[in-house]
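Each chain gets a letter, A, B and so on, in the order its sequence line appears, and its residues count up from 1.
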Amino acid sequence: MSRYQAPKGTYDILPPESAWWRDARSVFDDLAEQFGYGFVITPMFEDTDVFARSVGADSEIVQKQMYTFTDKGGRSITLRPEATASVVRAVIQAGGVQGRFKGAYWGEMFRYERPQKGRNRQFIQAGVEYLGSESPEADVEVIEFGYRMLERLAVPRVEVRINSIGDPEDREVYREALGAFLREHYDELSEDSRRRVESNPMRVLDSKFDRDILEDAPVPLDYLGEEAARHFQAVRDGLSALGIPFVIHDKLVRGLDYYTRTVWEYIPTGYEAAQTSVGGGGRYDGLFELLGGKPTPAVGLAMGVDRILLASSVPDPGHALDVFVVVADESLRSEARILTSELRAGGLRIDMTDTQRSVKAQFKEADRSNARAAVVIGAEWTGNEVTIKDLDSGVQDVIAIKEIEGWLRVR
RNA sequence: GUGGCCGUAGCUCAGCUUGGUUAGAGCGCCUGGUUGUGGUCCAGGAGGUCGCGGGUUCAAAUCCCGUCGGCCACCCCA
């Protein structure tokens, strides 16, 4: 037990697990490039107002989950709990959207929460923001992006849940109807839900306790305006055309206040935990104005990379090294070092021990380091030769030093 | 923020109920059996402030209190 440990709700990533993170990052980078998204890198902290205004002052995130502090200049600063607000702020600051803007990001987010499976105080989110388009095709593309990402990261049995919460005008009418319904059944509701009837009635829909009562509750879909309804239909048609399976969840609402119309989540159905969503997104046509920009329609998603790892089947990493050099004659150690250096320069992944050890111990290390082959430097060196052994098959040959790379290529 | 479970070797855990000689196991690590050959087997070895602090006691890994941390759930969300 070490004296110092990573702060509560944070963790370190070391080999071999770190390899997955490197791979996941490159999968995401490739995908973003293929979908035509450029990278947006913003600060990890912002003026507190950026989040308070965008995410919603009454939201759970702002109420109790933000890492907020006052800096030495007396400014109220908050570590980002999510990235959309930052990206929108950055784009507004840079002059707003001319035509379309497609941006991708990957980075650490911070939320002060009680840690549990799939929930930490520092975690990685990767996402894309499709700005400047009101077309349902943009929604479809962004939904597809998340779906493909999960596909490539080997998350099995992903369910895409979609819903439309309508435009702000629709929602106002709906809120009334829902409020009336909830007040009618007030006595039957759980304590948590009762508390929210006035403060945030839409979140009651999500309650895990009141499913029976909510069975008959009005849902946002019944209150969509004509345009929002047409938009939602187009999104569904677009997804079907691409062969992306989805289910409509008429009680799906999301915790960030800025969403309008389409909202969705990705749920890996084969994975057991309380925190089931590995990603989600929505349209947020009102956010630019909220942050002082020109009205700009937009849609985006955020993927929880930590949760994707939990839900994915991690593949066998394969060989980590091409060659492990075994020094059988200690007087040739320096020659072995030089050979190692040369082979590395040629692009091979190669390692060796740094102190005298038995040949047996060196082979053991070669095996553990998951090398393809061992190259023995010993008596045969005088004839400009080495012994090379395939560590999977056990086959070994004595070959000229120059032939090492060729031997590996043929196998 | 609330609740439940847990914290003993690098890792996974036993021991704690009924306090008492040098705190154990498996895996991992090191060495040897094979004087140049791993992944199997056998033998030996290293490695522990029993999370931390306090209390009770002649005596605490074991009982009590506090604290820190972990896991799981509520809540919330990615």
Taking [M] as the reference, what is the distance to [N] when you measure between their [atom1] atoms (whole Å, please)?
N: B:rU49; M: B:rG7; atom1: C1'; answer: 15 Å
N: B:rC42; M: B:rA25; atom1: P; answer: 16 Å
N: B:rG55; M: B:rC41; atom1: P; answer: 50 Å
N: B:rG33; M: B:rC16; atom1: C1'; answer: 41 Å
N: B:rC65; M: B:rA23; atom1: P; answer: 27 Å
N: B:rG69; M: B:rG53; atom1: C1'; answer: 15 Å
N: B:rG70; M: B:rA60; atom1: C1'; answer: 24 Å
N: B:rU31; M: B:rG36; atom1: P; answer: 15 Å

Closest listed nucleotide, where the reference is the side chain of A:Lys8 and the choices are B:rA78, B:rU2, B:rG70 =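 For the A:Lys8 side chain, the nearest candidate turns out to be B:rG70.
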Closest listed nucleotide, where the reference is the side chain of A:Gln116 and the choices are B:rC75, B:rC77, B:rG69 |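 Output: B:rC75.
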Spacing of [X] atom [atom1] relative to [N] atom [atom2], expressed in whole Å:
X: A:Arg111; N: B:rG1; atom1: CZ; atom2: P; answer: 17 Å
X: A:Gln65; N: B:rC74; atom1: CD; atom2: C1'; answer: 14 Å
X: A:Leu153; N: B:rA78; atom1: CG; atom2: P; answer: 19 Å
X: A:Leu310; N: B:rC72; atom1: CG; atom2: C1'; answer: 13 Å
X: A:Asp12; N: B:rG69; atom1: CG; atom2: P; answer: 15 Å
X: A:Glu113; N: B:rU2; atom1: CD; atom2: P; answer: 15 Å
X: A:Arg194; N: B:rC75; atom1: CZ; atom2: P; answer: 15 Å
X: A:Tyr112; N: B:rU2; atom1: OH; atom2: C1'; answer: 14 Å

Looking at [N], which nucleotide sits across from it as a Watson-Crick or G-U wobble partner, both distances under 3.5 angstrom, or is there none?
N: B:rU2; answer: B:rA73
N: B:rG45; answer: B:rC29
N: B:rA59; answer: none
N: B:rG36; answer: none
N: B:rU17; answer: none

Which is true for [X] with a 4.0 Å heavy-atom rule: it touches a base, it touches only sugar-phosphate, or it touches nothing?
X: A:Arg114; answer: base
X: A:Ala302; answer: sugar-phosphate
X: A:Gly146; answer: nothing

[X] and [Y] ion-paired at < 4.0 Å:
X: A:Arg175; Y: A:Asp170; answer: no
X: A:Glu330; Y: A:Arg333; answer: yes
X: A:Asp167; Y: A:Arg261; answer: yes
X: A:Arg161; Y: A:Glu265; answer: no

Using the test side-chain contact (heavy atoms from CB on, under 4.5 Å), find all partners of A:Glu141 that sit at least two apart in sequence or belong to another chain.
->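 If we apply the side-chain contact (heavy atoms from CB on, under 4.5 Å) test to A:Glu141, skipping adjacent residues, the hits are A:Phe35, A:Tyr37, A:Lys102, A:Tyr130.
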Donor on one side chain, acceptor on other, A:Asp139 and A:Thr262, under 3.5 Å =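 The criterion, which ignores hydrogens and geometry beyond distance, is satisfied for A:Thr262 and A:Asp139.
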Using a cut-off of 4.0 Å between protein heavy atoms and nucleotide atoms, how would you tag nucleotides 27-39 of chain B 5' to 3' with B, S and -?
-> --SSS-B--BBBB
Relative to the 5' end of RNA chain B, which residue comes earlier, A:Gly304 or A:Arg119, by the nucleotide with the nearest heavy atom?
->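 Comparing both residues, the 5'-ward one is A:Arg119.
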So with a 6.0 Å cut-off around CD of A:Glu33, is the heavy-atom count from everything else above 12?
->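 Count not over threshold, so no.
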Looking only at heavy atoms, what is the nearest atom pair of A:Ser86 and A:Arg80, with distance?
->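 Looking at all heavy atoms of both residues, the shortest contact is OG-CB, 4.5 Å.
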Quick one: is the NZ or CZ of A:Arg111 closer than 6.0 Å to the six-membered ring centre of A:Tyr67, and within 45° of its axis?
->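 Pair A:Arg111/A:Tyr67 does not count as cation-pi.
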